[in-house]
*Asks:* 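The structure under discussion is supplied below as C-alpha cells; questions concerning it will follow.
Proteins come first, then strands; the chains are lettered A, B, ... in the order of their sequence lines, and each starts at number 1.
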Amino acid sequence: MRSYDHKKIEQKWQKDWTKKKLYKTADSVKGKENFQLLVEFPYPSGNLHVGHWYAFAEPDILARHLRMTGKNVMYPIGFDAFGLPAENAAIKNGLNPKKWTFGNIAYMKKQIASMGTSFDWSREVITADPAYYQWTQWLFLQFFKKGLAYKKETAVNWCPKDKTVLANEQVVNGKCERCGTEVEQRNMLQWNLKITDYADRLVDDLAPLDWPEQIKESQRNWIGRSEGAEIDFFLDFGDEKVNARTDASGKRAHIKIFTTRADTLFGATYLVLSPEHLWVKLALGHRTVLKNNEEVQKYVRVAGKKTELERQENKEKTGVKLEGVEAINPATGEKIPLFVADYVLAHYGTGAIMAVPAHDERDYEFATKFKLPIRDVVVEQTTPRVPDGVFRKIGIAIVENDKNEVLLQSITHEDRVEYGLPGGGIDEGETEEEGVIREVIEETGYTNFTNIRRIGTVESNFYNTVRKINRQALATCYALRLKNETKKELQLTELEKKVKIENFWVSKQKALELISGSQSNSGEDQPLFMRYLGDKTDPYTGAGILIHSAEFDGLNSEKARQKITEKFGTKKTTYKMRDWVVSRQRFWGVPIPIIHCPKCGDVAVPDKDLPVKLPDLKDYLPTGDGKSPLAKVKSFVKVKCPQCKGKAEREIDTFDTFVDSSWYFQRYSDPKNTKKFADAKKLQNWLPVDLYSGGAEHTTVHLLYSRFWHKAMFDLGLVKDAEPYTRRMNRSLIMGPDGQKMSKSRGNVIDPDEVVRNLGADTVRMYLAFIGPYNEVASYPWNPNGVVGVRRFLERVWRLHERLSAVQHPLVERAIHVCAKKLTEDLPQMKFNTAIAAMMLFLNEAEAKGITKGQYLVLLRLLAPFAPHITDELWHILGNKKSVHLEAWPKYDPKKVVSEEATIVVQINGKVRAQVQVASNSSEALVRAEAEKTVEKWLEGKSVRKVIFVPNRLINFVV
RNA sequence: GCCGGAGUGGCGGAAUGGUUUACGCGAACGACUCAAAAUCGUUUGGGAGCAAUCCCGUGUGGGUUCAAGUCCCACCUCCGGCACCA
C-alpha cells in the first residue's frame, strides 16, 4: 500500500502548478465572470508566521472553490515594502534597507509557495519598486493639482535626546521606544490630504455596503460626525463704548461656540475657551483687556508644554478665569464668566464651549471645583404630561442605614397597598434639600442625617388618587444616611392619616422590587432609585423635557434643539476625524514629488520626470535636525525649478506607508503598465474588489484612507466606482496553545514551517479552516492535537482510494449529495469549519458502508479547495490526466438529498418524551397514531387539548 | 465612560423558534499486539436509581410561546475599538 507522503506530494504538485501556470489569471474570459479576491498584502518582515497562513491559505480555499464554480478568479499578492523596520535594521546593523527588504521578499516568496496557494504571481506588486511608486507619486500630484493636498504646521513626535522625529509606533506610553526619553510635540510643516472634505461621503456611502455592521460602526465612530449648532455669545467688557465696537463685518465682539446640546442653552452658566483659542491670544497681546493677563498667560504657556503623557495622566480639571470680561447668555441675557481651560480642545468645533454643568460630566466637575452655578434645564420625564396637570414641586428621600438597607413606606388605602419612598411637597421659601429633610422628619421621625447627596430630578405626571387631581410633579431626590436613631413623634397631615403609612427597613434589592412592582400612583420613585443604585447621580446627561427655559419649557430635547438653534444660532456639523498627514521625516519611503522654488513656491514634479527615485545612501543615520537622511544627498536635493528653471530644492519628506497601500489593489489589474497607473478597461474588469479579507487592526485607518483615496480618484474620473470594496470581512486571531497571543517572550510561538515539515501544508491549511468560523472575528488557540486530528482525516481519505467498492450503498449515495449541498452552501459564506465537519461526517459513512469510485471522485473535488496537493495526487492516481483544480464543482441532486425516513420527536407539553420513525412527509394523522402509542402512559386519563404538528420534525401534545 | 461583539460539555466549536452539545480534540474501556505506538470499536453534560426511568441543565433574573441557546426587558462577566470630541 502506498503511504501518504506529504513532502513528496506537496513539492511535486507545487512545481507542476508553477510549470503549467495553473493560476495565471486572464484579464477576462469569455462567458466567465471576474472575481477579485483580495487579501491585505504582507509587510516583508522576513519570516512567515501562523497569522500569514491564516490570512492567505484560508481565502485560497474560497478562491479555488469560486474557480470551480466557473468564475475567473484573481487572487493576487504583493508586498507593502516601505516602512520603519527596514530603516531600523539600517540604523542598528548598517544594513542597506533596500537589500534587506528585497532579500526578505525573496525568502518569504518561497515560504508562501509552501502553502499551496493559488496566487497569481505574475501580477505581483511591490510598493518599493519605482515602477509602482512612480504612480503613487503621479496620483498624489493629481490630488495636489486639484487642491486636495496642502501644507500645514502640524505637531510631530520629537525625541529631544535622539534629536529625531518619531513615528507613532515608536512612541510607547509617551516615551521614545529607543531611549525612553519623554517625547515632545513639535510643529513642522507637513503635507496633508483633505480627507475631511470627504467625511460626509465616507459616512453616508457605508450604508449600502455588504460589510459587517461592526466595521461600518467603527468607521462612523472614527469619523465622529456630530450634528449640532454654533451659537455666538456677545462679550461685555464693563464699558458700553468698548462693547459697542464692531469688527470689519459689523459684528460686536463675541465668542462662537459649538454644541450638540443647544437644548441646554438656558443652563449655560459660563464659557470655556481652549488655551490655544485665537481670542485668548489676541486678548493676551493687548495686555489691557484682561485684568489678570499674566496669570492667564502663564496658564496658556504651561498647557502648551504639557505632553500627551501628562494630559492622559492628569485628568483633573484646571483652568483660569478671564477677569475683566463677561459673556452674555443669548437666551437668558445673563452675564456669565469666561474661563480658559485645557479640557477644551482647540482643534474640535470652534475651540470654545458653553458650559452646562447640570448636563455635562466635564462641566459639572469643573463647576464643582470652581464653585460655579449649576442650573437644571432638562429633566427626565417618567410619564407623559396630561392636559390639566396641577404643578407641584416635590422632594423624595432615600434614607440609608449602616446595614445597607433603605427606608420604605407602605401606604394602604381603599384596600390597596403601595410601596414608595418618603417625601412630599416642597413649600414656598424653602430649598429642595430643606424640603426633603423636613418631609423625612415629619413622616419617619428620624432627625439626624449625614452624607446628604442630590440624586437628581425627574418630571412625573400622574393621577393623584388621594386628592383626585392630575399632577405634574417635578420631583427631586436626595439620599441621606442616618447619623443615629434619634426619633421624634411623627407629624402626619389629615390626608396622610387617612391612608395608613408605615415605615420599614429593607435591603436595596428588595426595595427596588417593591417599588417596581408597586401600583405606585406616581412614576418618579423607580427611575430615581435606579439612578441611586447605579450611582448615576448628577449631572443628568440624557435627553428629557425642558424646564427653566422660558417659552421652550415642556418641549422635549430633540424639538428644543431645533427651536433653540433656529432662534439663537445656526446648524453646524463637525467631525472628530482630522486631515491625513502624509509627510514622514523618514528615508525608506516614497519621495514626495514636490520641488520648493523660492519664486514659484511648491511646484509639482512634471510627469516626464517621474518617478522621483529614492537615491542610494551610504549613511542611513538621521541628520539630527529632524530631517530625513535624504537631506544629506546634495545631488538629490538641489534641482532646477521646473517652471522658472531657477535654483530650487526637492522635498525631502517621504509618504506615510498608508499612501502606498491605498491603491495597490488597483495596480493588480495591470501591474506592468509603464504608461498609466492602470489601463482603464483592465481596471474595469476587476473593480470594485468583490471581497476583501483582512485583519481587524485595519478596520479604521487603512480601510478609511483607501476609501478616501478611491473617492478622490473617482472625482478625477480615474476610476468608475465611488467605493473600492464591495464586501469586506475581518479575520480572527490565532493564539498560542495556551490561549495567549503568540510571542517569543511567552515561548508559545508555533512555527508553521516546522508543522508543515511534520504534517504537511494540506493539514495546516485544513486545521486552520476547521478551528472556527472564518467569517467572524474571534481568537482561536492553536491546539497541537487538533492538527493531528485533521491529519488523521486526510490519511483516512488517502487509504480509501485502495478500498473502492463496486456496489453502491444507497445511504452513502445520499450522504455524498448531502455533503455536496452543505459545502455548496457553506463555502461562499466562508464557514469552512462546518464544511469540513460535513466531509468528516461523509467519510464516517463511506468507511462504514463502502464507497464507489464515482463517489470518491466527487469527494476529491469537494476536498480539493481545502487540501489541494493530496487531492491532485489522488485524482491522478485514479487515472485522471488534468489537474483536479481545473474541474467543475460537483452539483448535488436535491431529490437525492431528502431522506426516505424521518425521525419525529414526540413531546408532551413541550417536553421530549419519545421519538418515532415514519416515512418522510407522513400526514399528521399517521404520525399522531404512531406517536400516541409511544406516550400512552403520559396521556392516560388526560385529555389532549391541542396538538402541534411540524412535518418531518415533531408532534407536541398539549394536555 | 462611550460604541461594538460574545458568554453553550474537560477544550475548539455546531444548532431555519422545534431532540442542546453536530464535527474534531481530550478522557475511559475494549479489540489487534509478547509489548507499545498506530489503527479499529464502544462510552463520554450534571445528579438520583440495580433498573426501566426521572429531575436539572446554553452567564444571572424576569417575560412572550404548545415549545426559547435562538425573540423581548433588566443585570453580570469577558474581549475588541475609541476616549476630556462639548
*Asks:* Distance check needed: B:G1 C1' versus A:Asp360 CG, whole Å only.
*Replies:* 12 Å
*Asks:* Closest to the A:Pro773 side chain: B:A14, B:A15, B:U19?
*Replies:* B:A14
*Asks:* Atom CZ of A:Phe949 to atom C1' of B:G17: distance rounded to whole Å?
*Replies:* 17 Å
*Asks:* Given that both distances must come in under 3.5 Å, which nucleotide forms a Watson-Crick or G-U wobble pair with B:C50?
*Replies:*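 Here B:C50 is not engaged in any pair, so there is no nucleotide opposite it.
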*Asks:* Taking any strand in view, what nucleotide pairs with B:A74 in a Watson-Crick or G-U wobble way, both distances under 3.5 Å?
*Replies:* B:U60
*Asks:* Quick one: is B:G81 close enough that its OP1 or OP2 comes under 4.0 Å of any side-chain N or O from A:Arg220?
*Replies:* no
*Asks:* Check whether any side-chain N or O of A:Arg792 sits under 4.0 Å from OP1 or OP2 of B:G26, and answer yes or no.
*Replies:* yes
*Asks:* When you compare B:G7 with B:G59, how far apart are their C1' atoms, in angstrom units rounded to a whole number?
*Replies:*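 That atom pair is separated by 6 Å.
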*Asks:* Is the charged tip of A:Lys317 near the ring of A:Phe366: under 6.0 Å from the six-membered ring centre and within 45° of its axis?
*Replies:*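 Judged by the rule (NZ or CZ under 6.0 Å from the ring centre, within 45° of its axis), A:Lys317 is not positioned above A:Phe366.
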*Asks:* Using the C1' atom as the reference point in each nucleotide, state the distance between B:G45 and B:U8 in Å, no decimals.
*Replies:* 11 Å
*Asks:* Is atom NZ of A:Lys821 surrounded by more than 12 heavy atoms (other residues, nucleotides or ligands) closer than 6.0 Å?
*Replies:* no
*Asks:* What is the distance from NZ of A:Lys821 to C1' of B:A22, rounded to the nearest Å?
*Replies:*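 Taking NZ of A:Lys821 and C1' of B:A22, I get 16 Å after rounding.
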*Asks:* With a 4.0 Å cut-off on heavy atoms, is A:Asn956 in touch with a base, just the backbone sugar-phosphate, or nothing at all?
*Replies:* base
*Asks:* In this structure, how many angstroms lie between the P atom of B:A38 and the CZ atom of A:Phe793, rounded?
*Replies:* 20 Å
*Asks:* Can A:Arg220 and A:Glu217 be counted as an ion pair, charged N to O under 4.0 angstrom?
*Replies:* yes
*Asks:* It should be established whether A:Asn833 places a side-chain nitrogen or oxygen under 4.0 Å from OP1 or OP2 of nucleotide B:A14.
*Replies:* yes
*Asks:* Measuring only the P atom in each nucleotide, how far is B:G69 from B:A51? A whole number of Å is fine.
*Replies:*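 The answer is 29 Å between these two P atoms.
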*Asks:* Measuring from atom OG of A:Ser3 to atom CZ of A:Arg799, what distance do you get when rounded to the nearest 0.5 angstrom?
*Replies:* 11.0 Å
*Asks:* With rounding to the closest Å, how many angstrom separate the P atoms on B:U77 and B:U43?
*Replies:*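 Here B:U77 and B:U43 have their P atoms 42 Å from each other.
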*Asks:* Of the candidate nucleotides B:G18, B:U39, B:C55, which contains the atom at the shortest distance from the side chain of A:Arg913?
*Replies:*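 Shortest atom-to-atom distance from the side chain points to B:C55.
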*Asks:* Can a side chain N or O of A:Tyr348 be found less than 4.0 Å away from OP1 or OP2 on B:A86?
*Replies:*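 Affirmative; the distance criterion is met.
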*Asks:* Between B:C54 atom P and A:Asn909 atom CG, what is the distance in whole Å?
*Replies:* 14 Å
*Asks:* Looking only at side-chain atoms of A:Val912, point me to the closest of B:U16, B:C54, B:U20.
*Replies:*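 Ranking B:U16, B:C54, B:U20 by closest atom to the A:Val912 side chain puts B:U20 first.
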*Asks:* For B:G24, does the O4'-C1'-N9-C4 or O4'-C1'-N1-C2 angle fall within 90° of 0, making it syn, or is it anti?
*Replies:*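 B:G24: anti glycosidic orientation.
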*Asks:* Please tell me which of the listed nucleotides, B:C40, B:C84, B:C66, lies nearest to the side chain of A:Val958?
*Replies:* B:C66
*Asks:* Atom CE of A:Met735 to atom C1' of B:C11: distance rounded to whole Å?
*Replies:* 16 Å
*Asks:* Using 4.0 Å as the upper bound for N to carboxylate O, is an ion pair formed by A:Glu930 and A:Lys933?
*Replies:*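 Yes, charged N to carboxylate O under 4.0 Å.
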*Asks:* Given the C1' atoms of B:C73 and B:U64, what is the spacing between them in whole Å?
*Replies:* 11 Å
*Asks:* Which residue lies toward the 5' end of RNA chain B, A:Leu954 or A:Ser779, if each is placed at its nearest nucleotide?
*Replies:*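 Nearest nucleotide further toward 5': that of A:Ser779.
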*Asks:* Separation of A:Arg791 atom CZ from B:C23 atom P, in whole Å?
*Replies:* 23 Å
*Asks:* Base, sugar-phosphate, or nothing for A:Arg225, non-hydrogen atoms under 4.0 angstrom?
*Replies:*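 Answer is nothing: A:Arg225 stays at 4.0 Å or more from every strand.
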*Asks:* With a 4.0 Å cut-off on heavy atoms, is A:Leu841 in touch with a base, just the backbone sugar-phosphate, or nothing at all?
*Replies:* sugar-phosphate
*Asks:* Can you find a side chain N or O atom of A:Lys911 that sits less than 4.0 Å from OP1 or OP2 on B:C56?
*Replies:*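 It does, given that an N or O in the side chain of A:Lys911 lies less than 4.0 Å from OP1 or OP2 of B:C56.
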*Asks:* Under a 3.5 Å cut-off for both contacts, is B:G1 paired Watson-Crick or G-U wobble with anything, and if yes, with which nucleotide?
*Replies:* B:C82
*Asks:* Can you tell me how far P of B:A86 sits from CD of A:Glu230, to the nearest Å?
*Replies:*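 A:Glu230 atom CD is separated from B:A86 atom P by 14 Å.
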*Asks:* May I ask you to verify if any side-chain N or O of A:Thr834 is less than 4.0 angstrom from the OP1 or OP2 atom of B:C23?
*Replies:* no
*Asks:* How far, in whole Å, is B:G13 from B:A6 if one measures between their C1' atoms?
*Replies:* 14 Å
*Asks:* If only atom types and distance count, is the side chain of A:Arg707 paired as donor or acceptor with the main-chain N or O of A:Leu202 below 3.5 Å?
*Replies:* yes
*Asks:* Classify the nucleic acid contact of A:Ser226 as base, sugar-phosphate or nothing, counting any heavy atom under 4.0 Å across all strands shown.
*Replies:*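 Sugar-phosphate, no base atom in range.
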*Asks:* Could you check whether A:Gly789 gets within reach of a base, just the sugar-phosphate, or nothing at all, counting any heavy atom under 4.0 Å?
*Replies:*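 It contacts sugar-phosphate atoms only.
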*Asks:* Check every strand shown and say whether A:Gln915 touches a base, only sugar-phosphate, or nothing at a heavy-atom separation below 4.0 Å.
*Replies:* base
*Asks:* Set out, in order, the CA-CA distance, both residues' side-chain angles and the distance that settles ring-ring contact (aromatic ring centres under 6.0 Å, His included) for A:Phe529 and A:Tyr532, then state yes or no.
*Replies:* CA-CA 5 Å; A:Phe529 198 76; A:Tyr532 163 77; 5.5 Å; yes
*Asks:* Hey, is the side chain of A:Asn844 poking within less than 4.0 Å of OP1 or OP2 on B:G24, counting only N and O atoms?
*Replies:*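 Looking at the OP1 and OP2 atoms of B:G24, one of them is under 4.0 Å from a side-chain N or O of A:Asn844.
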*Asks:* Taking atom C1' in both B:G9 and B:G17, what distance in whole Å separates the two?
*Replies:*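 The same atom, C1', in both gives a distance of 23 Å.
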*Asks:* When the P atoms of B:A67 and B:G57 are compared, how many Å lie between them, rounded to an integer?
*Replies:*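 Between the two P atoms, the distance is 15 Å.
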*Asks:* The side chain of A:Gln907 lies closest to which of these nucleotides: B:A86, B:U19, B:G24?
*Replies:*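 Shortest atom-to-atom distance from the side chain points to B:U19.
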*Asks:* Between the side chain of A:His801 and the main-chain N/O of A:Trp798, is any donor-acceptor distance below 3.5 Å?
*Replies:*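 Yes, the answer is positive, given that a donor and an acceptor are paired below the 3.5 Å cut-off.
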*Asks:* Across all strands, who's sitting opposite B:C66 as a Watson-Crick or G-U wobble pair, both distances under 3.5 Å?
*Replies:* B:G18
